[in-house]
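Here is the structure we will look at.
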Amino acid sequence: MLDVTSIDLHYGAAQALRAVSLTARPGEVTCVLGRNGVGKTSLCAALVGQGIRSPRARSPSMAHDITKLRPFERARIGIGLCAAGPRNLPLLTVEENLKTGFAPLGRDQRSIPDDVFSLFPVLNEMLGRRGAISPAVSSSSSRSVGRWSCARAVAAG
(Lines give C-alpha, C1' and ligand atoms only; values in the text may rest on other atoms or scores of the structure.)
Protein backbone atom coordinates (compact mmCIF):
# COMPACT_ATOMS: atom_id res chain seq x y z
CA MET A 1 0.00 0.00 0.00
CA LEU A 2 1.16 3.49 -0.78
CA ASP A 3 -0.31 6.27 1.32
CA VAL A 4 1.14 9.66 0.53
CA THR A 5 -0.07 12.87 2.12
CA SER A 6 0.44 16.57 1.54
CA ILE A 7 2.84 16.61 -1.39
CA ASP A 8 3.95 20.15 -2.15
CA LEU A 9 6.12 20.64 -5.20
CA HIS A 10 7.71 23.81 -6.52
CA TYR A 11 9.60 24.58 -9.71
CA GLY A 12 11.44 27.67 -8.57
CA ALA A 13 8.80 30.13 -7.35
CA ALA A 14 5.94 28.35 -9.16
CA GLN A 15 3.98 25.85 -7.09
CA ALA A 16 3.08 22.80 -9.21
CA LEU A 17 1.45 20.68 -6.46
CA ARG A 18 -0.23 21.84 -3.28
CA ALA A 19 -1.09 19.41 -0.49
CA VAL A 20 -1.79 16.48 -2.86
CA SER A 21 -2.63 13.20 -1.15
CA LEU A 22 -2.87 9.77 -2.72
CA THR A 23 -3.65 6.25 -1.52
CA ALA A 24 -2.95 3.18 -3.66
CA ARG A 25 -4.14 -0.08 -2.11
CA PRO A 26 -2.95 -3.56 -3.09
CA GLY A 27 -5.22 -5.27 -5.61
CA GLU A 28 -6.86 -2.02 -6.67
CA VAL A 29 -6.25 0.32 -9.59
CA THR A 30 -5.42 3.90 -8.66
CA CYS A 31 -5.73 6.55 -11.37
CA VAL A 32 -4.54 10.13 -11.51
CA LEU A 33 -6.75 12.15 -13.84
CA GLY A 34 -6.74 15.78 -14.87
CA ARG A 35 -6.43 18.16 -17.76
CA ASN A 36 -3.11 19.20 -19.26
CA GLY A 37 -0.79 21.11 -16.99
CA VAL A 38 -2.33 20.26 -13.61
CA GLY A 39 0.65 18.26 -12.34
CA LYS A 40 -0.06 14.58 -13.10
CA THR A 41 3.41 13.97 -14.50
CA SER A 42 5.02 16.04 -11.75
CA LEU A 43 3.21 13.95 -9.13
CA CYS A 44 4.41 10.70 -10.68
CA ALA A 45 7.95 12.02 -11.04
CA ALA A 46 7.94 13.07 -7.37
CA LEU A 47 6.74 9.63 -6.30
CA VAL A 48 9.46 7.75 -8.19
CA GLY A 49 12.11 10.34 -7.30
CA GLN A 50 13.00 11.52 -10.79
CA GLY A 51 15.01 14.58 -9.86
CA ILE A 52 12.22 16.11 -7.81
CA ARG A 53 12.13 16.44 -4.04
CA SER A 54 8.84 16.81 -2.22
CA PRO A 55 9.64 17.44 1.43
CA ARG A 56 6.21 16.71 2.87
CA ALA A 57 5.47 13.37 1.15
CA ARG A 58 5.08 10.43 3.51
CA SER A 59 4.28 6.77 3.08
CA PRO A 60 3.66 5.55 6.63
CA SER A 61 1.81 2.42 5.54
CA MET A 62 5.00 1.20 3.84
CA ALA A 63 7.07 2.13 6.90
CA HIS A 64 9.17 4.41 4.70
CA ASP A 65 9.51 8.13 4.33
CA ILE A 66 9.95 7.92 0.57
CA THR A 67 11.37 11.43 0.36
CA LYS A 68 14.56 10.12 1.94
CA LEU A 69 14.85 7.30 -0.61
CA ARG A 70 16.75 7.57 -3.87
CA PRO A 71 14.94 6.43 -7.04
CA PHE A 72 16.54 2.97 -7.06
CA GLU A 73 15.55 2.49 -3.40
CA ARG A 74 11.97 3.47 -4.24
CA ALA A 75 12.00 0.90 -7.05
CA ARG A 76 13.16 -1.77 -4.60
CA ILE A 77 10.08 -1.21 -2.44
CA GLY A 78 7.79 -1.38 -5.47
CA ILE A 79 7.31 2.22 -6.58
CA GLY A 80 7.57 2.29 -10.38
CA LEU A 81 6.39 4.30 -13.33
CA CYS A 82 4.80 3.14 -16.58
CA ALA A 83 5.93 6.03 -18.71
CA ALA A 84 3.95 6.87 -21.83
CA GLY A 85 5.76 6.99 -25.12
CA PRO A 86 8.25 4.78 -26.93
CA ARG A 87 10.98 4.60 -24.30
CA ASN A 88 12.54 1.38 -25.42
CA LEU A 89 16.12 1.08 -26.56
CA PRO A 90 16.02 0.15 -30.26
CA LEU A 91 19.45 -1.51 -30.37
CA LEU A 92 18.51 -3.98 -27.64
CA THR A 93 16.39 -7.10 -27.97
CA VAL A 94 12.93 -7.30 -26.40
CA GLU A 95 14.42 -9.40 -23.60
CA GLU A 96 17.22 -6.89 -23.00
CA ASN A 97 14.71 -4.03 -22.94
CA LEU A 98 12.62 -5.85 -20.34
CA LYS A 99 15.73 -6.37 -18.23
CA THR A 100 16.66 -2.66 -18.19
CA GLY A 101 14.57 -2.29 -15.04
CA PHE A 102 16.64 -4.87 -13.14
CA ALA A 103 19.32 -2.47 -11.90
CA PRO A 104 17.78 -1.97 -8.43
CA LEU A 105 17.24 -5.72 -7.95
CA GLY A 106 19.62 -8.19 -6.37
CA ARG A 107 21.28 -10.59 -8.82
CA ASP A 108 19.16 -13.49 -7.55
CA GLN A 109 15.98 -11.53 -8.42
CA ARG A 110 16.91 -10.70 -12.03
CA SER A 111 14.54 -12.84 -14.04
CA ILE A 112 11.51 -11.79 -16.03
CA PRO A 113 8.43 -12.79 -14.04
CA ASP A 114 5.86 -15.08 -15.69
CA ASP A 115 3.28 -12.33 -15.04
CA VAL A 116 4.84 -10.30 -17.86
CA PHE A 117 4.08 -13.02 -20.39
CA SER A 118 0.64 -13.72 -18.92
CA LEU A 119 -0.26 -10.06 -19.35
CA PHE A 120 1.58 -9.55 -22.65
CA PRO A 121 1.87 -12.96 -24.41
CA VAL A 122 3.21 -11.50 -27.67
CA LEU A 123 6.43 -10.46 -25.89
CA ASN A 124 7.35 -14.08 -25.19
CA GLU A 125 7.44 -14.76 -28.94
CA MET A 126 9.64 -11.72 -29.53
CA LEU A 127 12.33 -12.04 -26.84
CA GLY A 128 15.18 -12.30 -29.35
CA ARG A 129 13.88 -9.59 -31.71
CA ARG A 130 16.08 -6.53 -31.92
CA GLY A 131 14.84 -3.08 -32.76
CA ALA A 132 11.98 -0.77 -31.87
CA ILE A 133 9.34 -2.50 -29.78
CA SER A 134 6.24 -0.46 -30.47
CA PRO A 135 5.83 -1.33 -34.19
CA ALA A 136 6.46 -4.99 -33.42
CA VAL A 137 3.86 -5.16 -30.65
CA SER A 138 1.01 -4.06 -32.89
CA SER A 139 1.34 -1.48 -35.56
CA SER A 140 2.96 1.18 -33.38
CA SER A 141 -0.28 2.16 -31.65
CA SER A 142 -0.08 4.28 -28.52
CA ARG A 143 -1.92 1.52 -26.67
CA SER A 144 0.87 -0.92 -27.59
CA VAL A 145 3.54 1.49 -26.39
CA GLY A 146 1.68 1.81 -23.07
CA ARG A 147 1.52 -1.97 -22.76
CA TRP A 148 5.25 -2.20 -23.44
CA SER A 149 6.01 0.39 -20.74
CA CYS A 150 3.84 -1.48 -18.25
CA ALA A 151 5.48 -4.80 -19.15
CA ARG A 152 8.89 -3.31 -18.33
CA ALA A 153 7.57 -1.98 -14.99
CA VAL A 154 6.12 -5.42 -14.13
CA ALA A 155 9.41 -7.08 -15.07
CA ALA A 156 11.27 -4.71 -12.75
CA GLY A 157 9.14 -5.90 -9.87
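Computation of the quantities below employed the complete heavy-atom set of this structure, encompassing side-chain atoms and omitting hydrogens, waters and symmetry-equivalent molecules.
- Within the structure, every pair that satisfies the side chain to side chain donor-acceptor pair (under 3.5 Å) test and touches residues 19-33, not counting sequence neighbours, is listed here: Asp3-Thr23.
- Side chains of Leu127 and Phe117 form a contact here, defined as non-hydrogen atoms less than 4.5 Å apart.
- Criterion: ILVMFWY side-chain heavy atoms under 4.5 Å apart, direct or through other members. Under it, Val38 and Tyr11 are not part of a common hydrophobic cluster.
- Atom CG of Leu98 and atom OG of Ser111 lie 11.5 Å apart (nearest 0.5 Å).
- Within the 4.5 Å cutoff, the side chain of Ile7 has heavy atoms near those of the Leu47 side chain.
- For Gln15, the side chain to side chain donor-acceptor pair (under 3.5 Å) partners at least two apart in sequence or on another chain are Arg18.
- Residues Val48 and Pro71 have side chains not in contact (no heavy-atom distance under 4.5 Å, counting atoms from C-beta outward).
- Both Val122 and Leu119 are members of a single hydrophobic cluster when ILVMFWY side chains are connected at heavy-atom separations under 4.5 Å.
- The shortest distance between side-chain heavy atoms of Glu96 and Thr93 falls below 4.5 Å.
- Separating the OG atom in Ser6 from the CG atom in Leu22 is a distance of 12.0 Å, to the nearest 0.5 Å.
- Linking ILVMFWY side-chain heavy atoms closer than 4.5 Å, directly or via other members, places Val32 and Ile79 in a single hydrophobic cluster.
- Proximity of a side-chain donor or acceptor of Lys40 to a complementary backbone N or O of Gly34 within less than 3.5 Å is detected.
- Taking a 6.0 Å sphere around CG of Asn36, one finds it holds 12 or fewer heavy atoms contributed by other residues, nucleotides or ligands.
- Under the rule for a salt bridge (charged side-chain N to carboxylate O under 4.0 Å, His left out), the partners of Glu95 that lie at least two apart in sequence or sit in another chain are Lys99.
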